[in-house]
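For reference, the structure is listed below as structure tokens.
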Amino acid sequence: MAAADGPASSRDFVRQIVVDDGASGKHEGRVATRFPPEPNGYLHLGHAKSICLNFGISGEFGGVCHLRFDDTNPAKEEQEYVDAIQRDVRWLGFDWGGHLYYASDYFGQMLDYACHLIREGLAYVCDLTPDEMRAYRGTPTEPGRESPFRGRSVSENLDRFARMVAGEYEEGACTLRARIDMASPNLNMRDPAMYRIKRAHHHRTGDQYVVYPMYDYAHCVSDALERITHSICTLEFEDHRPLYDWFLEHLPVPAHPRQIEFARLNMTHVMMSKRKLLQLVQDGHVRGWDDPRMPTLSGIRRRGYSASAVRAFCESIGVSKANSLVHYEHLEHFVRQDLNANARRVMAVLDPVRVVIENYPQDQVEWFEAENNPENAADGTRMVPFGREIWLEREDFTENPPPKWFRLAPGREIRLKHAYYITCREVVKDATGAITELRCTYDPESRGGGTPDGRVVRGTSHWVSVAHGVSGEVRLYDHLFAKPHGLDDGEELADAINPDSLKVVEAVLEPAAAELAAGTCVQFLRQGYFCIDPDSGPDRPVYNRTVGLRDTWAKLSRA
RNA sequence: UGGGGCGUCGCCAAGCGGUAAGGCAUCGGCCUUUGGAGCCGACAUUCGUAGGUUCGAAUCCUACCGCCCCAGCCA
């Protein structure tokens, strides 16, 4: 698709810029974006927004989008993350073609460029300690002071930098700094560090280097070398743009990409910082990066969210520069929309109570044909067994029905989905007063869910035959953080965690539900969407609740 | 009190001087063998505030208020 007849130019301000640049002939009409994760953690929903933006734009404008690992800090980066990130981007539905790069691919070129800057008198080796450097930097309201090493000659700088690279100095002994302006009101321009000494093993370059470039230097150079046209990043880098441009203006790079900043995604009930997510994993608050309660792409994937639902969500929230907090329910809307159309229906009772149908023949079994998905006839039907004893959801019965209660109660009649009408005749309790059994009768005329007299039965319950039911583990999830907003000042991560974020329940499922492949998502009728967890064994299905159904009764009873 | 940003419905978000899109949520009603889904309808006389320019301003100007980011040899 050509830029000219691309998406409406008003879709968002970033695309607007891309359209304008195309119109003015900038970048020779090319569009090249990049998604530049640091391999120091797993991708989360915030990254999904960025991925959809970058890959989305390249796709819409006939451009390319590179996947580039920003691997400039070996102390924090690992191959495991590199692999997970690629898996997740692919899962989300994007393809970087042959454009897989690493900032470390350019370490050699970056070193040459650094020497160029030194030769131009625009960079110098500084021996200030970290503490001294901070003191010399000044504050937002006071200018900094020039380093005593700022005046070193080109040849001395060249020599010292060569020795830095050769590993002659200790970690922390010195840095290479850009020589810009210690009085700049922008702290980033006060002679920022370009290189520091780090004796750490790099996941790709091994021990080849002991100096590693800082983000500000590495990122713009990487973008330029790849001839990126639009370098899209988040708001906190807005202050860095003058530095981004400064490096590219003073280096003989093949291109000068344009940095554009947008607001990162924030969501209620969710922690979106890799540092905090790492802590959740390391401290054992969750079972791993792919715990279904995590906002990581691997977590929501295991939870049962589909890539297309996540993409639809990302498109719907738009892109702007305003700090925002998106309701988590907004994401759930797209998850339900997708699952409603695609998930097959199946019956499962999560909290069973036994129902005995007194007038139903002792050993009779009937098989009812049930539609797999009312939203899609092509999904066909399945057979569901019925017998004299069935399990009913405990919350579908009450001894004291409130107004507008359509479910079972003493003397009340309900429909068993796909089967018969039953009427509750007697409640059996144990010594503690707990209900152990409901004695009911059925109307043989109601077979299939209707009667010749056409009487109205408003309640319809799901059920599972006692004789045929298969038991399975069901994991019910709630927000990892109960409060919609992040941590209060001084609040510990551990204290903010919702103690009820995971509830494990032993459920009974209709036979068809026990035969599904791992990863399959189904709707447990009237309850929600559930997917099979990889923890499932051959004889023991384990389900994750992906998201509950909207429940107007719950709302009514709350009021 | 330095610099950089942002302020349009409960939440996101269009709008780019010509008289407030859309989505989520919410509230009614219809329909329903999932209290699901679906369908219909309601939902900002007003755009952080105050002035100004203009025939006309959410859009331009001025001042003020509020919120976010920046003092890593992290990204």
Side-chain angles (χ1 to χ4, degrees), chain A residues 8 10-12 16 36-38 40 70 72-73 75-77 126 128-130 133-135 137-144 171-177 184-190 192-198 211-212 214-216 218-219 233-242 261 263 265 268 274-275 313 315-327 329-334 336-337 340-341 345 347 370-371 374-375 404-407 415-419 421 446 448-450 457-462 523-528 548-557:
Chain A
S10 62
R11 265 213 55 193
D12 58 62
Q16 181 73 257
E38 182 188 11
N40 67 343
D70 219 340
T72 58
N73 185 355
K76 292 184 176 172
E77 297 151 7
C126 179
L128 251 27
T129 66
M133 217 193 225
R134 191 177 317 116
R137 187 157 31 231
T139 71
T141 51
E142 308 160 60
E171 201 166 295
C174 53
T175 56
L176 180 73
R177 291 226 255 169
S184 171
N186 181 345
L187 287 308
N188 294 121
M189 300 298 272
R190 319 243 263 227
M194 291 170 60
Y195 273 95
R196 77 289 212 186
I197 298 169
K198 212 146 212 169
V211 296
Y212 290 92
M214 300 289 291
Y215 165 85
D216 285 304
H219 204 87
C233 62
T234 44
L235 252 27
E236 67 270 27
F237 292 104
E238 220 150 11
D239 284 345
H240 295 240
R241 194 170 62 231
E261 311 85 10
L265 173 64
T268 57
K274 281 202 267 186
R275 207 202 113 251
F313 165 73
E315 278 187 24
S316 94
I317 56 174
V319 178
S320 75
K321 298 189 69 151
N323 288 108
S324 62
L325 182 66
V326 176
H327 285 321
E329 294 69 36
H330 198 261
L331 205 209
E332 292 185 321
H333 163 77
F334 289 95
R336 286 196 188 97
Q337 182 174 275
N340 175 54
R345 273 60 167 174
M347 294 196 284
E371 60 191 349
E375 302 294 319
K404 293 197 172 169
W405 175 267
F406 302 142
R407 287 129 87 150
R415 172 169 35 236
L416 295 178
K417 180 78 177 172
H418 303 305
Y421 291 177
S446 64
V457 171
R458 297 211 47 186
T460 300
S461 283
H462 55 98
Q523 181 190 116
F524 285 175
L525 220 61
R526 303 209 305 133
Q527 306 196 98
L549 246 32
R550 291 189 63 198
D551 187 350
T552 42
W553 170 252
K555 236 172 272 170
L556 279 179
S557 47

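To find a chain, count down the sequence lines: A is the first, B the second, and so on, and within it residues start at 1. Source: prediction; values computed, not measured.
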Select base, sugar-phosphate, or nothing to describe what [X] touches, counting heavy atoms under 4.0 Å on all strands.
X        : value
A/Gly450 : base
A/His333 : sugar-phosphate
A/Val319 : sugar-phosphate

*Go through the steps for A/Thr72 and A/His219 under the test side-chain contact (heavy atoms from CB on, under 4.5 Å), then give the verdict.*
CA-CA 9 Å; A/Thr72 58; A/His219 204 87; over 6 Å; no
*If you look at every heavy atom in A/Ile197 and A/Glu171, which pair is closest and at what distance?*
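Residues A/Ile197 and A/Glu171, closest heavy atoms: O-CG, 3.0 Å.
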_For A/Arg458, salt bridge (charged side-chain N to carboxylate O under 4.0 Å, His left out) partners two or more places apart_ = none
_Side chains of A/Asn323 and A/Leu235, heavy atoms from C-beta outward: is any pair under 4.5 Å?_
yes
*Would a 4.5 Å heavy-atom cut-off, applied to side chains only, mark A/Arg11 and A/Glu315 as touching?*
yes
Watson-Crick/G-U partner (both atom distances under 3.5 Å) of [N]:
N     : result
B/G36 : none
B/C60 : B/G52
B/G66 : B/C6
B/A71 : none
B/C27 : B/G41
B/C16 : none

Considering only the [atom1] atoms, how many Å lie between [N] and [M], rounded to the nearest integer?
N     : M     : atom1 : answer
B/C55 : B/U49 : C1'   : 26 Å
B/G15 : B/U8  : P     : 15 Å
B/C47 : B/A21 : P     : 15 Å
B/C70 : B/C64 : P     : 25 Å
B/C65 : B/C9  : P     : 22 Å
B/C73 : B/A58 : P     : 47 Å

*Between A/Ser324 and B/C12, is there a side-chain N or O to OP1/OP2 distance below 4.0 Å?*
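So the side-chain polar atoms of A/Ser324 never come under 4.0 Å of the phosphate oxygens OP1 or OP2 of B/C12.
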Between [N] ([atom2]) and [X] ([atom1]): distance, integer Å:
X        : N     : atom1 : atom2 : result
A/Arg241 : B/G3  : CZ    : C1'   : 13 Å
A/His327 : B/C24 : NE2   : P     : 13 Å
A/Glu329 : B/G23 : CD    : P     : 18 Å
A/Phe313 : B/C24 : CZ    : P     : 13 Å
A/Glu261 : B/G4  : CD    : C1'   : 10 Å

*Identify whether the distance between the nearest side-chain nitrogen and carboxylate oxygen of A/Glu238 and A/Lys321 falls below 4.0 Å.*
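Judged by the 4.0 Å cut-off on N to carboxylate O distance, A/Glu238 and A/Lys321 do form a salt bridge.
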*Is A/Glu261 paired with A/Arg241 through a side-chain N to carboxylate O contact shorter than 4.0 Å?*
yes
*Sugar-phosphate atoms are those with a prime plus P, OP1 and OP2; base atoms are the rest. Using that split, label each nucleotide of nucleotides 68-75 of chain B B, S or - for protein heavy atoms under 4.0 Å, 5' to 3'.*
SBBBSBSB
*What does nucleotides 34-40 of chain B look like as a protein-contact string, B for base, S for sugar-phosphate only, - for none, at under 4.0 angstrom between heavy atoms?*
BBBS---
*asked:* Syn or anti for B/G48, given that syn means the glycosidic angle lies within 90° of 0?
replied: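 Anti, which is what one calls it when the glycosidic angle falls more than 90° from 0.
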